[in-house]
Amino acid sequence: MHLFDRRTGLNVLFDEVDVPETLWARAPRQVSIALTNACDLACPFCYAPKNAAMLDADRLCAWIDELDAEGCLGIGFGGGEPTLYRRLPQVARHAAERSSLAVTMTTHAHRLTPQLIDALAGALNFVRVSVDGVGTTYEEQRGRPFSELVQHLARLGQTFRFGLNCVVNPQTLPDLDAVADLAASAGAAELLLLPERPARGRPGSSPQTIAALHQWITNYRGPLPLTLGEGDTGSLPTAQPLPRETGLRTYAHIDAAATLRRTSYHSVGEPVDDRGILAALDRLQQKDVV
Ligand code: SF4
């Protein structure tokens with residue numbers, strides 16, 4: 001029996017009874033959904049596709065219903081920049097009120113006006129804010145005033161549980177202490193560390209940068225839980241809530257052109273058509289087997 005609290009992300013697994021795999025939920029535990037490719041920033045490490053694409057809100061609501069019925073635990077809205085998606089409040093509210101899914105969003109936060117925060121209040125369980133450094137490091141990476149980011153964090157922290165996401169590369173690595181301090185002082189619940197991926201001619205984080213990141217994690221003694229992507233943990237000790245679930249049972253990504261992939265970095269995908277997400281998932285699984 002698995003209990004999950006979408007408000008806090010707490011997982012409790014009672015595994016005394018060995019349930020046959022055929023009875024496990026078919027849906028991935030977590031599905032990230034790029035609502036739109038549109039973004040008003042131009043971060044140098046961005047890997048989001050730059051072609052214009054946006055998901056249809058009615059289809060999105062149908063997918064949310066399907067994922068909920070099939071045992072998915074949470075969805076995460078991203079992009080592009082999800083706050084540029086006009087029907088974000090309606091779709092998030094549909095998920096919050098019509099499903100038991102945990103609803104999260106990853107944003108640069110610069111468009112989170114008091115009006116939008118009000119519209120999303122109660123509809124999002126967690127907000128992830130992209131912060132890759134402090135002061136001029138942040139401004140060089142994101143091209144927006146750091147002082148404005150700090151104001152946005154203070155404002156959104158009054159309404160949402162939130163965490164910081166930090167892209168780690170040679171420019172941002174020296175700022176990790178400062179980012180962790182900022183996260184803790186702003187009231188963040190966690191710090192997600194994301195080694196930069198190869199994209200658009202940039203090579204991504206080198207083995208040296210990743211080794212330095214792992215060393216920083218090993219030495220960190222602050223109050224924040226640290227999180228890493230599944231493929232980025234190396235030999236670090238990590239907490240695995242459901243260790244026997246792997247691959248597409250764990251996570252999948254739907255891009256703004258409605259293509260289902262293993263992650264946003266994978267190029268192989270399957271279109272999600274009228275047959276739904278689980279059918280696309282089966283086809284994607286089959287593709288990988290062939
Ligand atoms: S905020 Fe995100 S989507 Fe927008 S340019 Fe930066 S990395 Fe890309």
Side-chain angles (χ1 to χ4, degrees), residues 31-55 60 75-88 91-92 104-113 116-117 120 124 126-153 155-156 160 162-173 175-176 179 182-183 188 191-205 209 213 227-229 232 253-259 261 263-267 269:
V31 177
S32 70
I33 303 175
L35 300 177
T36 172
N37 283 344
C39 186
D40 48 351
L41 301 193
C43 309
F45 44 70
C46 182
Y47 59 83
K50 295 303 170 198
N51 58 317
M54 185 180 296
L55 292 174
L60 260 172
I75 50 171
F77 296 132
E81 171 52 40
T83 57
L84 282 164
Y85 186 74
R86 200 171 44 83
R87 295 188 62 187
L88 172 66
V91 173
T104 65
M105 173 177 80
T106 300
T107 174
H108 59 50
H110 287 282
R111 300 176 53 83
L112 276 172
T113 59
L116 185 54
I117 289 175
L120 292 171
L124 297 176
F126 198 79
V127 175
R128 301 182 180 280
V129 182
S130 304
V131 181
D132 325 295
V134 300
T136 52
T137 309
Y138 175 85
E139 293 173 357
E140 281 164 17
Q141 301 293 316
R142 297 276 164 179
R144 288 293 168 102
F146 180 67
S147 57
E148 286 182 13
L149 170 82
V150 173
Q151 289 169 16
H152 288 302
L153 288 180
R155 194 187 291 150
L156 75 90
F160 304 111
F162 74 99
L164 301 192
N165 292 357
C166 181
V167 173
V168 181
N169 60 30
Q171 289 74 46
T172 65
L173 186 65
D175 278 33
L176 283 179
V179 171
L182 171 70
L191 174 59
L192 171 61
L193 298 160
L194 302 163
E196 183 179 334
R197 302 277 173 174
R200 298 201 171 76
R202 288 169 66 99
S205 286
T209 301
L213 168 63
T227 53
L228 277 169
D232 296 328
H253 173 76
I254 302 174
D255 68 22
T259 302
R261 307 175 195 278
T263 70
S264 51
Y265 312 118
H266 278 74
S267 54

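As the structure lists them, so they are numbered: ligands from 1, and atoms in each ligand from 1.
Atom 4 (Fe) of ligand 1 has its closest protein heavy atom at Cys39 SG, 2.2 Å. Ranking protein heavy atoms by distance to atom 8 (Fe) of ligand 1, first place goes to Cys46 SG, 2.3 Å.
Distances below 4.0 Å separate heavy atoms of Gly80 from the following atoms of ligand 1: 3 (S).
At least one donor-acceptor pair under 3.5 Å links the side chain of Arg200 to the backbone N or O of Cys46. Put simply, the side chain of Ser130 never gets that close to the backbone of Asn165: no donor and acceptor are under 3.5 Å apart.
The shortest heavy-atom distance from Ser130 to ligand 1 is not under 4.0 Å.
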- Query: Do Glu81 and Thr107 pass the side-chain hydrogen bond (donor to acceptor under 3.5 Å, both in side chains) test, and can you show the C-alpha distance, the side-chain angles, and the key distance before you say yes or no?
  - Reply: CA-CA 6 Å; Glu81 171 52 40; Thr107 174; 2.7 Å; yes

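Put simply, the side chain of Arg197 reaches to within 4.5 Å of the side chain of Asp232, judged on heavy atoms. For the pair Leu182 and Phe146, the minimum side-chain heavy-atom distance is below 4.5 Å.
Using a 4.0 Å cut-off between heavy atoms, Cys43 contacts ligand 1 through both its backbone and its side chain. Of the heavy atoms in Arg142, only side-chain atoms (C-beta onward) come closer than 4.0 Å to ligand 1.
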